[in-house]
Each structure stands twice: as C-alpha cells, then as structure tokens.
Amino acid sequence: MPGSETAAATDQRFDVNLSILFTELRLLERPAAAAAAGFTAAELWWPWTDAPVPDQSDVDALKKAIEGAGVQLVGLNFYAGQLPGPDRGALSIPGEESERFRANIDVAAGFAESLGCKALNALYGNRVEGVDPAVQDELALENLVLAARAADRIGAILLVETLNKPESSLYPLVSAPAGVEVVDRVNEATGLGNTRFLMDLYHLSMNGEDLPAVIEQYTAKTGHVQIADNPGRGAPGTGSLPLEELIGRLRKAGYDGWIGLEYKPGDRPSAEAFGWLPAEARAAG
C-alpha cells in the first residue's frame with residue numbers, strides 16, 4: 001500500500017496497537033507517541049502480563065496517559081497470560097489460569113468502560129497436554145459467557161480471535177470457521193448477540209485461507225479487523241499481501257469498524273513505520 005495507492009483506504013478508521021508498536025518506549029509514553037504520529041485511536045493487549053488484577057495506581061496512570069494524549073482506546077484484551085511470550089490466552093486452561101482470567105473480567109471491563117472502549121478481546125488459550133480438549137472447550141464457553149455478559153454491561157462487544165498455526169501451534173482456533181463457530185456458540189449461550197469475530201488478516205493469510213472468501217462470508221459477524229503484511233508481520237508494503245484491495249473488499253462488504261495496525265515496525269523507530277498511510281488518514285473522525 002505504498003504512496004498514492006492508499007487513497008482507496010483512507011476513508012477507513014485505523015488504530016495503533018500499542019503493545020506491538022512503540023514498544024521501544026515505556027507503556028505510559030506510547031499513547032502520546034501515537035498521537036504525535038497523527039493517530040487518534042489505539043488498542044492494547046492486557047498491559048500487565050503478570051497481574052490480572054493490577055494495582056489501581058497503575059491502572060489510573062495508564063488511563064491518565066491515554067486521556068492526556070487525546071487518544072481513544074478502541075480495543076482491549078482481557079488477561080491472556082504471557083503475551084508476548086508462550087501463552088495465547090488463559091480462559092480455556094483449567095486451574096490457576098482460568099481463575100486469573102475470571103478475576104480479570106470485571107477489572108478489564110471497568111478499565112474499558114472508564115475510557116469509553118467498546119471492544120474486549122478474549123484469547124482462547126493453548127491446548128494443554130493431558131487435558132481433554134472437550135474439557136477445555138467447556139471451560140472456555142463458561143468463561144466466554146462471563147466475559148460476554150461483562151462486555152454487555154458496559155455496552156461493549158466481546159471479540160474471539162483466530163491466530164495462525166505456524167506461530168501458535170497449540171492454539172485451537174486457527175481458521176476463520178473455527179473462530180466463528182465459537183462466536184456463534186457464545187451468542188447462543190448468552191442470547192446477547194454481542195460476541196463477534198476478530199478478523200486478523202495476517203493470521204488468516206499465514207493459515208493459507210482464501211481472504212476474499214473469508215471477507216465475503218464472515219464480515220457480517222466481524223467486530224474488529226487487524227492487519228500486518230505477510231511474510232514478516234511488518235507494515236503494509238513490506239510483504240506481498242494485497243492489503244489495500246482487502247480493505248476495499250471489507251468496506252464493500254459493509255465493514256465500517258476499526259482496523260487495528262498490529263504489525264512490527266522492523267529495525268526502525270515505530271514512528272517511521274507509517275509511511276504507507278497518508279497523514280490525513282491517521283486521525284479518525
């Protein structure tokens with residue numbers, strides 16, 4: 001999506017994932033850095049990987065940093081274990097991790113509500129050796145129902161994300177249909193209809209899926225989109241994914257939500273990793 005070729009994408013709303021971009025800075029400095037780069041919206045993985053229930057002073061400091069930068073938080077992960085790291089969520093893992101996820105639900109929802117964030121992402125968690133997958137799936141449904149109800153209480157949606165098998169070999173949701181099946185199951189269990197698919201085009205492409213077909217089939221059930229180029233998970237234009245075309249397809253399919261920039265900046269400061277997106281397209285109206 002280099003240069004003027006981005007014109008077709010500029011009427012889409014973009015946000016910056018501050019857990020993968022600007023990580024050369026301290027967490028509390030990242031919202032202002034995103035604003036300085038021209039962005040008015042951001043998303044986050046759960047910022048305190050060891051603390052599903054962090055000190056209130058830490059929560060308050062991050063809230064102040066986001067508000068002070070004039071940036072809108074549009075997406076937040078629930079506690080997901082060591083991410084970045086070996087973990088891919090906690091909600092399907094019996095024992096302590098499931099309990100940590102449950103302890104985090106109201107904390108994450110409260111933080112999201114305090115900032116007007118309307119999307120909460122619940123990563124499913126890896127398969128555990130020696131545990132029946134059916135047992136994990138039953139636990140996952142219980143916890144996702146709790147999370148969906150908490151999201152509903154603050155007027156938000158719950159997101160379920162598909163990852164990719166090459167990089168997340170123990171994660172069971174490694175296709176769009178698998179992710180959407182969980183979405184449907186949670187909505188059926190709650191009756192709320194507020195659980196949606198998180199369509200990450202990078203992960204889906206790594207799985208070798210037909211992206212135009214996925215967009216055509218599942219946009220109506222999609223609550224958030226994330227992008228990175230492939231190979232390399234870098235900025236658009238660093239790989240071979242036709243991201244401009246895919247964003248256009250999403251728009252034609254009726255998607256008018258956020259597109260999260262969840263890519264690696266490469267061997268340069270994050271502020272230099274947005275040349276593909278014209279300055280006037282970075283601030284969301």
Side-chain angles (χ1 to χ4, degrees), residues 1-3 5-25 27 29-47 66 69-77 83-84 117-119 121 123 159 161-164 167 197-206 211 215 222-251 255-285:
M1 295 172 66
E5 295 177 8
T6 63
T10 57
D11 54 354
Q12 197 67 53
R13 295 184 297 164
F14 296 95
D15 73 88
V16 179
N17 187 306
L18 298 180
S19 298
I20 193 169
L21 285 155
F22 295 108
T23 57
E24 65 270 29
L25 303 174
L27 175 63
E29 296 172 338
R30 296 175 201 171
F39 292 94
T40 57
E43 60 184 72
L44 282 166
W45 301 340
W46 184 246
I66 292 170
V71 170
Q72 174 65 45
L73 187 68
V74 299
L76 176 68
N77 282 17
L83 182 75
C117 175
K118 298 298 185 182
N121 183 28
L123 284 168
L159 297 168
E161 183 175 7
T162 289
L163 301 182
N164 74 78
E167 295 175 324
F197 181 49
L198 195 166
M199 184 187 293
D200 186 309
L201 297 179
Y202 167 74
H203 288 311
L204 296 173
S205 70
M206 284 284 287
L211 297 184
I215 289 168
T222 296
H224 190 62
V225 172
Q226 292 172 334
I227 62 170
D229 215 331
N230 185 24
R233 201 176 185 177
T238 61
S240 57
L241 272 186
L243 287 166
E244 180 187 6
E245 174 194 335
L246 294 170
I247 289 170
R249 286 178 179 270
L250 278 162
R251 193 166 56 252
Y255 183 75
D256 61 358
W258 295 98
I259 293 183
L261 309 183
E262 195 182 65
Y263 58 77
K264 300 175 183 178
D267 56 352
R268 55 185 170 173
S270 295
E272 298 176 11
F274 305 110
W276 63 275
L277 186 63
E280 62 271 17
R282 301 178 191 180

Distance from [X] atom [atom1] to [Y] atom [atom2], nearest 0.5 Å?
{"X": "I227", "Y": "E244", "atom1": "CD1", "atom2": "CD", "answer": "11.0 Å"}
{"X": "L21", "Y": "E43", "atom1": "CG", "atom2": "CD", "answer": "9.5 Å"}
{"X": "R233", "Y": "E167", "atom1": "CZ", "atom2": "CD", "answer": "6.5 Å"}
{"X": "D200", "Y": "L163", "atom1": "CG", "atom2": "CG", "answer": "7.5 Å"}
{"X": "N17", "Y": "L44", "atom1": "CG", "atom2": "CG", "answer": "7.0 Å"}

Quick one: closest heavy-atom pair of [X] and [Y], and the distance?
{"X": "V71", "Y": "P31", "value": "CG2-O, 3.6 Å"}
{"X": "R13", "Y": "G257", "value": "NH2-CA, 3.5 Å"}
{"X": "A235", "Y": "R268", "value": "CB-NH2, 3.8 Å"}
{"X": "L25", "Y": "A33", "value": "CD1-CB, 3.5 Å"}
{"X": "Y263", "Y": "A273", "value": "OH-O, 2.7 Å"}

Has [X] got a side-chain atom pairing as donor or acceptor with [Y]'s backbone, closer than 3.5 angstrom?
{"X": "R282", "Y": "L277", "answer": "yes"}
{"X": "S240", "Y": "N230", "answer": "yes"}
{"X": "D229", "Y": "G234", "answer": "no"}
{"X": "S270", "Y": "F22", "answer": "yes"}

Tell me, do [X] and [Y] make a side-chain contact under 4.5 Å, heavy atoms counted?
{"X": "Q72", "Y": "T40", "value": "no"}
{"X": "R30", "Y": "T23", "value": "yes"}
{"X": "I66", "Y": "L18", "value": "no"}
{"X": "Y255", "Y": "I247", "value": "no"}
{"X": "R249", "Y": "L211", "value": "no"}
{"X": "H224", "Y": "D15", "value": "yes"}
{"X": "L261", "Y": "W276", "value": "yes"}

Exercise for the section: Report yes or no: do W45 and E262 form a side-chain donor-acceptor pair below 3.5 Å? Expected result: yes
Handout entry: side-chain contact (heavy atoms from CB on, under 4.5 Å) evaluation trace for L250 with T222
Key = CA-CA 10 Å; L250 278 162; T222 296; 5.7 Å; no
Exercise for the section: Walk me through it: do L76 and W46 pass the test side-chain contact (heavy atoms from CB on, under 4.5 Å)? Expected result: CA-CA 7 Å; L76 176 68; W46 184 246; 4.3 Å; yes
